[in-house]
Amino acid sequence: MAADDVLLRAITRQGGLVVALSTAAWIAGTVLPAHAAGVQDTRSTPRDEAGTGSLQQKRASVPAADQRQKKVKARHADIAARSQTPVKKREANEAAAYMIQKKPNPFAKFEKLREKGLVVSIPGPADTVVQDAGGVRSALAEVGIGYLLWSQVTYTNNLLPNAAKSTIANQLYNGQNPTFNTVNYMWVTYDLSRYGIPDGQIVVGAEEQSWTWQPGGPDRLGINTISYYQTFWDRKLELKVGYLRNSHEFAGTVVGGNAGSNVFGPSSSILFQGGLSAAPAPTPALNLKYNFDDHLYTKVSFQRADSPDGLFTQITENPTGLNWSTTHAGVLYLDETGYLNKAAPGSPQTWLRAGAGYNTSSYKSLALPNQQRTNPNTFYYIAADRQFWQTNVQDSPSRGIYGGFSVMGAPPDLNTVSQYYELRFYVNGPFDWRPTDQISIVATDTVWSNLAVDAALAKGKLVHWDSKAIAATYTAHLAPGIYTSVGLTYINNPTSITYTPQIGHALNFSVSTNIFF
């Protein structure tokens, strides 16, 4: 109404005749649109010029007033439309317009070529040094081939004085002397979904590692994995079979799930004592995972167990990893049931899991060391990780503060380590200017078998019942595909059960660089 008054005052200044004609035109345009159309047509029709001078003058004033009236009507219609449109609908329309304007992710086409079925997060092609330089990755992706190379170099050294430094040959633990190791991986994947196999994929991988302290390794060159993967029943069931590294498929022992991050210091050997295959020691296995819904799952494995005499023996006997079995190795039956809710805007990450293993391998008895080997062996684990605070809810919901724990156990008569406890605290994306870094603090307690300790005491040796440690690590994401971790770990009793006063403690400084290509 206010707009109409202003318009009428403006029209009045042009004369009464203009007002009358403008008002008539407005009424005609509002009430009788068909008639208005007829007036427009008449105005464009040629007429006899005799006696039409005043009429033409009147018509000349109509378009200007009509345009002003149309502007007023347009403003009124816009206000009415906005008042009738719900706020959420307007926001949805704006969000849709924004999504349309967003550029497509050029690396999305590589997602199906990343290895499937893992519980560790290995960086994808976008987070590599070469990315898609020269279009090589794109050309390979066109024919269904993906690849990833990973190189890791680690240095560890005990900073405490009087730490009973020795020659490398007589070294008792990682870091007693300056210790170096390098590990290099390569994976090639082939997409079978192009042939109608749901999520179908073949993966072939190789690994090379070198250590200055051989018990930490030892050196090897061989396969890392040869696997076939596919899903059934709309991804309810996942199948993976081949030479697998189940340490990347179960338990989630890497802090934060990020393979580019490292936690230095002791970690549980219970899973590997129980025969779980590791990255440098893959074995034949069949894994089946059933997803009850988007969060709840159960996963079973029928795996040829690693050597019951330990990972070092497994690699020494089978450095290439191609052998079907090693001496005294049986079959490991493993089940893990868990609940995983991945981080999403307003929904923090939660991962709860519990697992148990049964191994038919022939183990040495710690209770009766002079007797023949016995079997079977068992182990269990419970673990939980929870995101307590999301620091960037909308743009990066996985950033935030996390906490977690692990509890593991195994029979003391067959396993040197019978219990393991871990508490962890970590921050993903600790600073806005470092959104992909990680800070972690991990405290552990490794408890030795009481039978093994008693046997060492009977021989008159100094023994300890457990080994406690606390590690602090900062992992910096320096550039696409480049991570550097710097850690400091204090360890009370870094050796196994027996020790000397000079090696009762260690303060290990470690630095590791991971490069992905």
Checklist entry - Parallel under 30°, tilted from 30 to 60°, perpendicular over 60°: which one fits the rings of Y190 and Y195? => result tilted

Item to check | D385/R353 salt bridge by N-O under 4.0 Å criterion | outcome: yes

Checklist entry - Is the backbone N or O of V331 less than 3.5 Å from a side-chain atom of T360, with the two atoms forming a donor-acceptor pair by type? => result yes

Item to check | Residues T298 and T337: side-chain donor-acceptor under 3.5 angstrom | outcome: yes

Checklist entry - Does any non-hydrogen side-chain atom of P308 lie less than 4.5 Å from one of H328? => result yes

Checklist entry - Judged by modelled atom types alone, do T326 and N318 share a side-chain donor-acceptor pair under 3.5 Å? => result no

Checklist entry - Taking C-beta and beyond as the side chain, do P494 and H505 meet within less than 4.5 Å on heavy atoms? => result no

Checklist entry - Using a distance-only test with no angle check, is there a side-chain donor-acceptor pair under 3.5 angstrom linking N158 and Q176? => result no

Checklist entry - So do the side chains of P284 and W324 get within less than 4.5 Å of each other, counting heavy atoms only? => result yes

Item to check | All side chain to side chain donor-acceptor pair (under 3.5 Å) counterparts of T231, not counting sequence neighbours | outcome: D199

Item to check | Polar contact flag, side-chain donor to acceptor under 3.5 angstrom, S210-E208 | outcome: yes

Checklist entry - Would you call K289 and E249 a salt bridge, taking side-chain N to carboxylate O under 4.0 Å as the test? => result no

Checklist entry - Between H295 (side chain) and L340 (backbone), is there a donor-acceptor pair under 3.5 Å? => result yes

Next on the checklist: Does this structure show an ion pair linking E422 with R424, if we count only N-O contacts that are shorter than 4.0 Å?
Outcome noted: yes

Checklist entry - Are T498 and L462 close enough, and set up right, to give a side-chain contact (heavy atoms from CB on, under 4.5 Å), and what steps lead you there? => result CA-CA 6 Å; T498 61; L462 290 174; over 6 Å; no

Item to check | Side chains of T189 and I145 in contact at under 4.5 Å (non-hydrogen atoms) | outcome: no

Checklist entry - Going through the distances and angles, do D309 and R373 end up as a salt bridge (charged side-chain N to carboxylate O under 4.0 Å, His left out)? => result CA-CA 11 Å; D309 295 327; R373 289 175 175 265; 3.0 Å; yes

Next on the checklist: Can a donor-acceptor pair be found, under 3.5 Å and without considering hydrogens, that links the side chain of N323 to the backbone of S325?
Outcome noted: no

Checklist entry - Using a distance-only test with no angle check, is there a side-chain donor-acceptor pair under 3.5 angstrom linking S347 and N341? => result yes

Checklist entry - Just checking, is any N or O donor in the side chain of N359 or S361 under 3.5 Å from an acceptor N or O on the other one? => result yes

Item to check | side chain to side chain donor-acceptor pair (under 3.5 Å) assessment of E207 paired with N184 | outcome: CA-CA 6 Å; E207 186 230 35; N184 300 289; over 6 Å; no

Item to check | Residues which pass ring-ring contact (aromatic ring centres under 6.0 Å, His included) with Y185, listed by chain and number, not counting sequence neighbours | outcome: W150, W187

Next on the checklist: Please evaluate residues T313 and S307 with respect to the criterion side chain to side chain donor-acceptor pair (under 3.5 Å), reporting the C-alpha separation (whole Å), side-chain torsions for both, the decisive distance (0.1 Å), and the verdict.
Outcome noted: CA-CA 7 Å; T313 301; S307 172; 4.9 Å; no

Checklist entry - Do N508 and L488 touch side chain to side chain, with heavy atoms closer than 4.5 Å? => result no

Next on the checklist: I'd like to know if the side chain of K109 pairs up with that of S138 as donor and acceptor (distance under 3.5 Å, no hydrogens or angles considered).
Outcome noted: yes

Checklist entry - Would you call E111 and R114 a salt bridge, taking side-chain N to carboxylate O under 4.0 Å as the test? => result yes

Checklist entry - Can you tell if the side chain of Q314 reaches within under 4.5 Å of the side chain of T283, non-hydrogen atoms only? => result yes

Next on the checklist: Which residue in the set V203, L118, N246, T225 passes side-chain contact (heavy atoms from CB on, under 4.5 Å) when paired with K240?
Outcome noted: L118

Checklist entry - Under 3.5 Å, is there a donor-acceptor pair between the side chain of Q303 and the main chain of L286? => result no

Checklist outcome for this item: By side chain to side chain contact (heavy atoms under 4.5 Å, CB included), V447 pairs with (sequence neighbours left out) S418, Q419, Y421, D445, D466

Checklist entry - If we only count heavy atoms from C-beta on, is the R399 to P435 side-chain gap below 4.5 Å? => result yes

Item to check | Distance-only polar pair, side chains of N493 and Y173, donor-acceptor under 3.5 Å | outcome: no

Checklist entry - Just by modelled atom types, is the K299 backbone N or O under 3.5 Å from a matching donor or acceptor in the E336 side chain? => result no

Next on the checklist: Taking P412's backbone N and O only, do any of them form a donor-acceptor pair with S449's side chain (distance below 3.5 Å, no angle check)?
Outcome noted: yes

Item to check | Derivation of the side chain to side chain donor-acceptor pair (under 3.5 Å) call for Q372 and S362 | outcome: CA-CA 9 Å; Q372 292 184 344; S362 297; over 6 Å; no

Checklist entry - Sequence neighbours excluded, which residues qualify as side chain to side chain donor-acceptor pair (under 3.5 Å) partners of R194? => result none

Item to check | Verdict with reasoning, N428 to Y402, per side-chain contact (heavy atoms from CB on, under 4.5 Å) | outcome: CA-CA 8 Å; N428 288 341; Y402 295 74; 3.4 Å; yes

Item to check | Donor-acceptor under 3.5 Å (H477 side chain, A479 main chain) | outcome: yes

Next on the checklist: Less than 4.0 angstrom from a charged side-chain N to a carboxylate O is my criterion; do E115 and R245 meet it?
Outcome noted: yes

Next on the checklist: The criterion is side chain to side chain donor-acceptor pair (under 3.5 Å); which residues satisfy it with W448, sequence neighbours excluded?
Outcome noted: H464

Checklist entry - Does a side-chain N-to-carboxylate-O contact under 4.0 Å join K342 and D294? => result no

Checklist entry - Using the ring of each side chain (for Trp, its six-membered ring), is F379 parallel, tilted or perpendicular to Y381, with breaks at 30° and 60°? => result parallel

Checklist entry - Do any N or O atoms from the side chain of T179 and from the backbone of N177 form a donor-acceptor pair under 3.5 angstrom? => result yes

Next on the checklist: Once side chain to side chain donor-acceptor pair (under 3.5 Å) is applied, do any residues pair with Y228, and if so which ones, sequence neighbours excluded?
Outcome noted: Q230

Checklist entry - So, does R386 use its side chain to make a donor-acceptor pair with the main chain of G403 at under 3.5 Å? => result no

Checklist entry - Between the main-chain N or O of F180 and the side-chain N or O of T212, is there a donor-acceptor pair closer than 3.5 Å? => result yes

Item to check | Exercise: do Y358 and N377 side chains pair donor with acceptor under 3.5 Å | outcome: no

Next on the checklist: Walk me through whether D127 and Y483 qualify under side chain to side chain donor-acceptor pair (under 3.5 Å).
Outcome noted: CA-CA 10 Å; D127 191 10; Y483 294 79; 2.4 Å; yes

Next on the checklist: Using every non-hydrogen atom in the two residues, find where P218 and T316 come nearest and quote the distance to one decimal.
Outcome noted: CG-OG1, 4.0 Å

Checklist entry - Are the side chains of L322 and I223 in touch, meaning some heavy atoms are under 4.5 Å apart? => result yes

